[in-house]
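To start, the structure under review is shown below, and the notes come after it.
Below, all heavy atoms of this structure are taken into account, side chains as well, without hydrogens, waters or symmetry copies. Since the structure is predicted, the reported quantities are computational estimates derived from the model, not experimental observations.
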Amino acid sequence: MVLGLVSSMASSNEMTAMRTKKVSDNRIIEIGNVDTLVSSMKSGDVVYLLDVQVFTSVHMLYKFMCIAVDGDVSVKFINQSYLDVGNGKHWRSSIINQLKSMMVLEERTARVMQNELRVKNTDAGIYIGKSIGILGIRAVASVYASDGILKRGK
């Protein structure tokens with residue numbers, strides 16, 4: 001089965017990209033319903049995403065990819081094909097190590113900011129955690145962008 005995972009505010013470009021990959025509208029799932037997608041995934045399925053920015057944190061990306069790999073599900077990123085898994089493709093150890101490091105950085109940065117501002121269990125603390133997650137996933141998107149793997153500065 002061919003499935004699609006889109007951001008919570010999917011643009012027309014994102015929906016068009018899913019349709020070009022032959023994903024029917026009733027099989028396009030919003031990231032807020034990722035649990036529904038995970039529970040319906042079966043071995044041999046293919047999940048398309050426009051890019052990693054569908055996820056709200058590096059931790060969420062990593063967790064989803066682990067579930068997909070364990071379930072023998074292929075995941076294809078339209079704008080970051082270097083991160084595709086399935087059908088014999090897997091992440092190199094350097095990618096796994098980089099993402100694990102970024103997850104630790106995400107968690108520690110959010111915790112330090114929440115503690116320093118004394119907002120750990122408040123709406124402000126939750127906002128800080130989500131904001132740090134979004135910054136982390138944007139960094140991953142930039143590093144693995146389709147216009148150059150692991151971009152180097154000039």
Side-chain angles (χ1 to χ4, degrees), residues 1-25 27-38 40-41 45-114 124-154:
M1 183 169 19
V2 179
L3 305 161
L5 186 60
V6 296
S7 64
S8 59
M9 297 169 61
S11 67
S12 60
N13 289 344
E14 204 169 357
M15 298 305 283
T16 301
M18 292 297 133
R19 289 184 191 109
T20 63
K21 297 299 181 182
K22 308 288 191 240
V23 181
S24 61
D25 287 348
R27 293 209 173 122
I28 298 174
I29 310 290
E30 190 178 292
I31 191 67
N33 299 320
V34 70
D35 293 336
T36 303
L37 174 67
V38 167
S40 69
M41 291 188 315
D45 285 353
V46 178
V47 178
Y48 282 99
L49 299 95
L50 187 61
D51 61 35
V52 295
Q53 292 187 77
V54 166
F55 297 99
T56 57
S57 69
V58 179
H59 180 77
M60 185 180 201
L61 163 68
Y62 188 81
K63 184 177 175 182
F64 178 80
M65 296 303 283
C66 288
I67 291 168
V69 168
D70 289 346
D72 196 30
V73 173
S74 296
V75 179
K76 298 185 181 287
F77 293 92
I78 296 168
N79 288 342
Q80 288 124 350
S81 59
Y82 190 73
L83 295 175
D84 291 355
V85 297
N87 291 336
K89 288 179 79 174
H90 61 279
W91 284 351
R92 295 172 55 192
S93 60
S94 60
I95 293 174
I96 293 169
N97 291 337
Q98 181 180 33
L99 292 178
K100 284 182 178 179
S101 296
M102 290 180 80
M103 286 189 306
V104 169
L105 184 61
E106 246 179 25
E107 180 185 327
R108 287 183 182 168
T109 303
R111 190 174 345 116
V112 166
M113 288 183 72
Q114 290 166 343
I126 292 168
Y127 177 77
I128 288 170
K130 287 181 178 181
S131 297
I132 298 297
I134 290 168
L135 290 173
I137 205 68
R138 284 186 178 170
V140 171
S142 179
V143 168
Y144 295 102
S146 60
D147 63 346
I149 300 165
L150 297 176
K151 291 191 234 179
R152 308 268 193 273
K154 289 187 177 188

- Query: Can you tell me if NZ on Lys22 sees more than 12 non-hydrogen neighbours from other groups inside 6.0 Å?
  - Reply: no
- For the residue pair Trp91 and Tyr62, categorise the inter-ring angle as parallel (less than 30°), tilted (30 to 60°) or perpendicular (more than 60°). tilted
- Task: Using atom types as modelled and distance alone, determine if a side-chain donor or acceptor of Glu106 lies under 3.5 Å from a backbone N or O of Val58.
- Result: yes
- Query: Quick check: does any side chain N or O of Asp45 sit under 3.5 Å from a backbone N or O of Val73, one acting as donor and the other as acceptor?
  - Reply: no
- Which pair of heavy atoms, one from Tyr144 and one from Gln80, lies closest together, and at what distance? O-CG, 2.8 Å
- Where at least one partner belongs to residues 27-38, residue pairs that pass side-chain hydrogen bond (donor to acceptor under 3.5 Å, both in side chains), sequence neighbours excluded: none
- Those residues that, when tested against Ser101, pass side chain to side chain contact (heavy atoms under 4.5 Å, CB included) (two or more places apart): none
- Determine yes or no for a side-chain-to-main-chain donor-acceptor pair under 3.5 angstrom, with Thr20 supplying the side chain and Ala17 the backbone. yes
- Taking every non-hydrogen atom, the tightest pair across Gly136 and Met102: O-CE, 3.4 Å
- Item | Side-chain heavy atoms of Val75 within contact of Met65, under 4.5 Å | yes
- Message: For the CG atom on Asn87, are there more than 12 heavy atoms of other groups (residues, nucleotides or ligands in this structure) within a distance under 6.0 Å?
- Response: no
- Message: To check you understand the geometry: which heavy-atom pair defines the closest contact between Met60 and Ser57, and what is its length?
- Response: N-OG, 3.0 Å
- Task: Would you name the heavy atoms of Leu3 and Met41 that are closest together and state the gap between them?
- Result: CD1-CG, 4.2 Å
- Determine whether Val6 and Val54 make a side-chain contact, defined as any pair of heavy atoms from C-beta on separated by less than 4.5 Å. no
- Which residue pairs pass the salt bridge (charged side-chain N to carboxylate O under 4.0 Å, His left out) test when at least one of the two sits in residues 59-82, sequence neighbours left out? none
- Note on the structure: Closest non-hydrogen atoms of Tyr48 and Met18, given as atom of the first, atom of the second and distance, are O-CE, 3.6 Å
- Heavy-atom closest contact (Gln114 atom, Gly129 atom, distance): NE2-N, 3.9 Å
